[in-house]
Amino acid sequence: MRRLLAGLAAGTLLLVTAACGSSGDSGASGGGSSSSGTTTVQLGLIPIVDVAPVYLGVEKGFYAEHGLKLLITTAQGGAAIVPAVVSGQFQFGFSNMTSLMVAQSHSVPVRAVANGIASTGVRGADFGAITVKKGSPLKSAKDLEGKKVAINTLKNINETAVRESVRKAGGDPDEVEFVELAFDQMPAALDGGRIDAAMVVEPALATIKAQGGVEIASPLVDVAPDLTVAMYFTSTQYAQQHPDVVKKFQEATAQSLAYADSHPDEVRRIVTTYTKIPAAVLAKVTLPQWPADANRSSIEALEKLGERDGLFKSAPDLDKLLP
């Protein structure tokens with residue numbers, strides 16, 4: 001486990017942003033409480049569209065209503081967030097389900113506590129897609145055999161999803177050449193011909209479409225209908241020692257998810273406050289779903305595919321991982 005955490009910790013933390021809350025709160029690593037009863041917790045997020053509900057929840061006062069003040073730290077990915085949560089630097093974090101299952105299968109003590117995002121479940125209208133450049137001869141996922149396909153992280157959720165799309169199209173996923181590339185670098189790489197296809201999520205998907213790129217498959221939809229893609233999590237130790245704080249975080253986050261799901265215009269506005277995504281691009285972005293509860297059957301389908309792809313040291317225990 002120490003080796004795994006050391007590898008995860010190689011991710012780079014970028015900046016810390018103090019969110020709205022009561023003055024006089026403590027930022028102690030265990031979560032501090034002020035004289036007014038407000039508890040301060042550190043939350044690790046990735047600066048992407050997916051986490052917009054949290055920022056809306058802070059702005060609307062949902063977390064304050066539940067006695068919480070969030071101190072948000074943004075990171076490049078879950079690779080930096082998982083060890084920070086396990087070590088107690090953060091009390092909560094955001095990560096995709098495959099990363100959480102990989103950690104749990106290696107006995108890293110993490111526990112999901114609140115839903116994050118879900119696929120739209122609509123083929124051709126999801127927030128993630130396999131794309132090719134304008135004029136490409138590739139017309140389906142089967143055509144990816146022998147081709148160079150970009151994904152953001154090898155041996156993780158997007159590779160699993162692409163492999164399933166290839167299988168469902170009648171191809172052999174073992175014949176696909178996967179290359180690791182950051183989402184924001186994929187549009188230029190695809191347009192320049194350095195890769196044959198890219199598995200992208202928003203807003204890179206909107207950028208590629210603006211370049212004339214074409215979507216040929218919806219991998220997250222191919223994994224399972226309404227796939228739970230990511231969740232908010234904490235350490236097993238923190239969940240056991242602070243069940244009251246975890247419950248408050250769950251309730252405030254559920255309220256925030258519901259608000260975001262029913263206010264897409266506010267989601268697009270709030271994203272401009274914590275990312276550099278232009279408003280013109282955001283207007284064309286396909287938003288994910290933000291249901292209050294995780295879809296366990298979809299997570300089980302993702303787990304089975306992960307096992308098939310050899311991602312886990314041992315089978316993840318979903319009863320211990322999920323709320």
Side-chain angles (χ1 to χ4, degrees), residues 46 48-50 76-79 95-99 101-102 117 119-224 227 229-230 285-286 288 301-312:
I46 307 166
I48 52 178
V49 174
D50 307 28
Q76 290 179 347
S95 179
N96 75 68
M97 290 311 304
T98 297
S99 289
M101 288 190 286
V102 168
I117 60 164
S119 160
T120 66
V122 180
R123 199 175 307 281
D126 198 16
F127 74 95
I130 300 174
T131 56
V132 296
K133 69 180 298 184
K134 182 179 181 180
S136 171
L138 308 182
K139 304 300 181 184
S140 77
K142 185 180 186 302
D143 297 332
L144 299 178
E145 291 181 341
K147 304 301 181 183
K148 188 177 294 186
V149 181
I151 52 177
N152 69 313
T153 306
L154 296 174
K155 302 298 181 182
N156 211 289
I157 187 169
N158 285 317
E159 179 173 336
T160 291
V162 171
R163 291 174 68 89
E164 182 64 2
S165 286
V166 174
R167 288 189 195 101
K168 288 192 170 181
D172 182 356
D174 290 336
E175 295 299 317
V176 177
E177 181 185 351
F178 289 101
V179 296
E180 191 169 284
L181 196 64
F183 286 128
D184 61 1
Q185 296 176 20
M186 291 184 190
L190 188 63
D191 198 47
R194 296 189 295 278
I195 54 176
D196 299 300
M199 169 58 198
V200 289
V201 298
E202 297 289 14
L205 177 56
T207 301
I208 287 174
K209 288 181 176 179
Q211 295 174 173
V214 179
E215 177 178 339
I216 63 170
S218 300
L220 300 176
V221 180
D222 284 336
V223 170
L227 173 66
V229 177
V285 161
T286 299
L302 186 63
E303 176 194 16
K304 290 178 181 178
L305 291 175
E307 289 179 357
R308 182 174 183 175
D309 294 335
L311 299 187
F312 309 129

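Keep in mind that this is a model prediction, so the values were computed, not measured.
Side-chain contact between Met101 and Leu302 is present, with at least one heavy-atom pair separated by less than 4.5 Å. You'll find the side chain of Phe178 reaches within 4.5 Å of the side chain of Arg163, heavy atoms only. Thr153 has its side chain out of reach of Asn158: every pair of non-hydrogen atoms, C-beta onward, lies at least 4.5 Å apart. Between Arg167 and Leu305 the shortest side-chain heavy-atom distance falls below 4.5 Å. Inter-residue side-chain proximity for Leu144 and Ile216 is flagged as met; some heavy-atom pair is nearer than 4.5 Å. Using a 4.5 Å heavy-atom cutoff, the side chains of Glu215 and Ile130 are not in contact.
Between the side chains of Asp196 and Ser136, no donor-acceptor pair of N or O atoms lies under 3.5 Å.
Residues Ala204 and Pro187 come closest through the heavy atom pair O-CG, 4.1 Å. Here the shortest heavy-atom pairing between Val49 and Pro288 reads CG1-CD, 4.3 Å. Considering all non-hydrogen atoms of both residues, Asp126 and Thr120 come closest at OD1-N, 2.9 Å. Nearest heavy atoms, Ala141 versus Ala169: CB-CB, 4.0 Å. Closest approach of Asn152 and Met186 over heavy atoms only: N-CE, 3.5 Å. Closest heavy-atom contact between Ser119 and Val229: N-CG2, 3.9 Å.
Residue Ile195 holds its CD1 atom at 11.0 Å from CD1 of Ile151, rounded to the nearest 0.5 Å. Summarising the geometry, atom OG belonging to Ser165 is positioned 14.5 Å from atom NZ belonging to Lys142; distances are rounded to the nearest 0.5 Å. One finds the CE atom of Met97 at 11.5 Å from the CG atom of Asn156 (value rounded to the nearest 0.5 Å). With values rounded to the nearest 0.5 angstrom, Leu227 atom CG is found 6.0 Å from Leu220 atom CG. Interatomic distance, Ile117 CD1 to Phe127 CZ, rounded to the nearest 0.5 Å: 3.5 Å.
Considering Val132, Asp191, Val214, Thr131 in turn, Thr131 is the only one that fulfils the side-chain contact (heavy atoms from CB on, under 4.5 Å) rule with Ile208.
Between the Asp172 side chain and the Asp174 main chain, a donor and an acceptor come within less than 3.5 Å of each other. Within the 3.5 Å criterion, the main-chain N or O of Leu154 finds no donor-acceptor partner in the side chain of Glu159. Although no hydrogens or angles enter the test, the distance criterion places a donor-acceptor pair under 3.5 Å between the side chain of Glu202 and the main chain of Ala206. Put simply, the side chain of Lys168 gets close to the backbone of Asp222: a donor and an acceptor are under 3.5 Å apart. Side chain of Asp143 to main chain of Lys139: a donor-acceptor pair is present (N/O by atom type, distance under 3.5 Å, no hydrogens or angles).
In this structure, Glu307 does not pair ionically with Lys304, as no charged nitrogen and carboxylate oxygen lie closer than 4.0 Å.
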Where do Ile157 and Ser99 land on the side-chain contact (heavy atoms from CB on, under 4.5 Å) test, with the steps shown first?
CA-CA 8 Å; Ile157 187 169; Ser99 289; over 6 Å; no
